[in-house]
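Heads up, the thing below is written out as structure tokens.
Just so it is clear, the model here is predicted, and its values are computed rather than measured. Here is how names work: the chains are called A, B, and so on, in the same order as the sequence lines, proteins then strands, and each is numbered from 1.
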There are 2 protein chains.
Amino acid sequence: MTQFGTFVHTARRSLQEADRRYSLRQVAKRIGVEPGYLSKIERGQVAPPSEAATVRLAKELDQDPDVLLALGGKVSSDLQEVIRKRPRLFAQLIRELRDAPDQAVLRLVREVRDGDW
Amino acid sequence: MTQFGTFVHTARRSLQEADRRYSLRQVAKRIGVEPGYLSKIERGQVAPPSEAATVRLAKELDQDPDVLLALGGKVSSDLQEVIRKRPRLFAQLIRELRDAPDQAVLRLVREVRDGDW
DNA sequence: GCGAGTGTGTAGTGTTTAGGAAACATGACG
DNA sequence: CGTCATGTTTCCTAAACACTACACACTCGC
């Protein structure tokens with residue numbers, strides 16, 4: 001999963017260009033990990049961090065946590081909880097949507113948001 | 001999660017009543033774990049087993065793997081993969097459906113199955 | 001009463017996860 | 001030159017995960 005490291009590195013670099021508070025060290029400090037660890041993460045030398053750390057990192061870099069978690073091979077635990085509460089229902093829905101085009105999924109989202117149940 | 005152990009124990013016992021091939025030892029052997037381990041699982045003395053072992057157990061006991069995984073605090077990795085491929089889309093949909101009644105989710109499932117995209 | 005089969009208790013094992021500590025090298029600048 | 005600040009490297013580890021090995025005790029059928 002070098003995807004993860006590259007993504008983080010690129011995002012941070014881009015912020016750093018405009019604002020030197022986005023050095024590796026300062027970002028590491030703000031999200032509560034050691035600089036050495038963040039360095040290894042960016043270079044893909046270690047596995048992506050825990051869910052909690054990933055979310056802190058995403059927020060710090062102004063990225064979507066769900067996307068960053070996905071790059072790290074994870075799924076947010078609050079989503080998992082929703083599924084676990086009604087496993088048959090959600091398993092069926094999600095498998096059904098595996099090959100559906102984005103459009104179709106989006107339509108469902110809207111349909112639900114307009115709360116017509 | 002003693003839910004898990006109790007569920008497994010009950011399911012196995014019920015099968016065992018009619019068919020003595022469903023002793024703890026024989027089931028353990030068929031799903032490829034040590035009897036002592038399965039015993040501890042049923043009594044909640046250890047955490048629920050890995051995803052792979054859970055699925056084998058579910059099939060052996062003629063139960064829905066997704067349900068058993070859920071009882072074990074897990075979500076099937078193939079579902080996770082679907083989500084990880086389009087994290088924003090699925091995160092939004094699932095969160096939107098968190099409080100929706102079963103009826104509403106079911107309607108979506110049918111809607112999608114009737115493939116109207 | 002003994003052998004087969006049943007479930008259980010204790011102890012220990014290898015692997016993975018999720019990092020921390022500290023030293024090192026580089027470059028920029030005043 | 002000295003001294004920041006930057007990123008990197010090496011080494012280490014505590015805890016959780018997912019089990020195995022094996023001895024023990026009980027009971028049922030013959």
Side-chain angles (χ1 to χ4, degrees), chain A residues 1-2 4-58 60-61 65 68-69 71-77 80, chain B residues 1-2 4-58 60-61 65 68-69 71-77 80:
Chain A
M1 311 282 161
T2 269
F4 187 91
T6 313
F7 183 88
V8 168
H9 183 72
T10 307
R12 185 181 61 75
R13 282 256 130 189
S14 134
L15 286 171
Q16 192 182 20
E17 267 176 39
D19 184 343
R20 72 180 196 291
R21 291 172 51 258
Y22 287 89
S23 76
L24 186 149
R25 270 168 189 273
Q26 295 195 34
V27 167
K29 175 148 217 175
R30 284 197 296 275
I31 68 168
V33 302
E34 292 295 309
Y37 185 43
L38 182 53
S39 170
K40 281 177 286 187
I41 288 170
E42 285 195 358
R43 332 206 94 242
Q45 274 190 18
V46 298
S50 68
E51 177 177 346
T54 300
V55 170
R56 292 198 303 273
L57 185 51
E60 172 69 26
L61 299 181
L68 197 56
L69 283 170
L71 287 173
K74 296 189 164 79
V75 170
S76 174
S77 57
Q80 298 200 33
Chain B
M1 311 281 162
T2 269
F4 187 91
T6 313
F7 183 88
V8 168
H9 183 71
T10 307
R12 187 181 60 75
R13 283 254 130 189
S14 133
L15 287 172
Q16 191 182 19
E17 267 175 41
D19 185 343
R20 72 180 195 290
R21 290 173 53 257
Y22 287 90
S23 74
L24 186 148
R25 270 170 190 273
Q26 295 195 35
V27 167
K29 177 149 217 173
R30 284 197 295 275
I31 68 168
V33 302
E34 292 296 309
Y37 186 42
L38 181 54
S39 170
K40 280 175 286 187
I41 287 170
E42 285 195 357
R43 333 209 97 238
Q45 273 190 19
V46 298
S50 68
E51 178 177 347
T54 300
V55 170
R56 292 198 304 272
L57 186 51
E60 172 68 25
L61 300 180
L68 198 56
L69 283 170
L71 286 174
K74 297 188 163 77
V75 169
S76 174
S77 59
Q80 297 199 34

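Put simply, CG on A:Leu24 is 12 Å from P on D:dT9, counting in whole angstrom units. Per the geometry, NZ belonging to B:Lys29 stands 18 Å off P belonging to D:dC19, to the nearest Å.
OP1 or OP2 of D:dG7 has not a single side-chain nitrogen or oxygen of A:Ser39 nearer than 4.0 Å. Note on A:Gln26: a side-chain N or O is less than 4.0 Å away from OP1 or OP2 of D:dT6.
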Could you go through the side chain to side chain contact (heavy atoms under 4.5 Å, CB included) check for B:Phe7 and B:Thr10 one step at a time? CA-CA 5 Å; B:Phe7 183 88; B:Thr10 307; 6.0 Å; no
Using a cutoff of under 3.5 Å, can you pull out all pairs of nitrogen or oxygen atoms linking the protein to nucleotides 10-18 of chain D, with atom names and distances?
from, atom 1, to, atom 2, distance (Å)
D:dT10, O4, A:Lys40, NZ, 3.4

Sub-3.5 Å pairs of nitrogen or oxygen atoms, protein against nucleotides 24-30 of chain D:
none

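Looking at heavy atoms from C-beta onward, A:Leu57 lies in side-chain contact with A:Val27 at the 4.5 angstrom threshold.
Within a heavy-atom distance below 4.0 Å of DNA chain C, the residues of residues 9-21 of chain B found are B:Arg12, B:Gln16.
Side-chain contact of B:Gln16 with B:Ser23: a donor-acceptor pair under 3.5 Å is absent, judged by distance alone.
Under the salt bridge (Lys or Arg N to Asp or Glu O under 4.0 Å) criterion, A:Glu60 pairs with A:Arg30, not counting sequence neighbours.
Atom CG of B:Leu71 is separated from atom OG1 of B:Thr54 by 10.0 Å, given to the nearest 0.5 angstrom.
With a cutoff of under 4.0 Å to any heavy atom of chain B, the contacted region of DNA chain C is bounded 5' to 3' by C:dT6 to C:dA11.
With hydrogens and angles ignored, the 3.5 Å screen pairs no side-chain donor or acceptor of B:Lys74 with any backbone N or O of B:Ser50. Checked by atom type and distance alone, the side chain of A:Glu51 pairs as donor or acceptor with a backbone atom of A:Ser77 at under 3.5 Å.
Residue A:Glu42 is classed as having no contact, given no heavy-atom separation below 4.0 Å to the nucleic acid.
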Donor-acceptor pairs are to be reported for all side-chain atoms of residues 31-47 of chain A against protein atoms at under 3.5 Å, with residues two or more places apart or in another chain.
from, atom 1, to, atom 2, distance (Å)
A:Glu42, OE1, A:His9, ND1, 2.6
A:Glu42, OE1, A:Arg12, NH2, 3.1
A:Glu42, OE2, A:Arg12, NE, 2.6

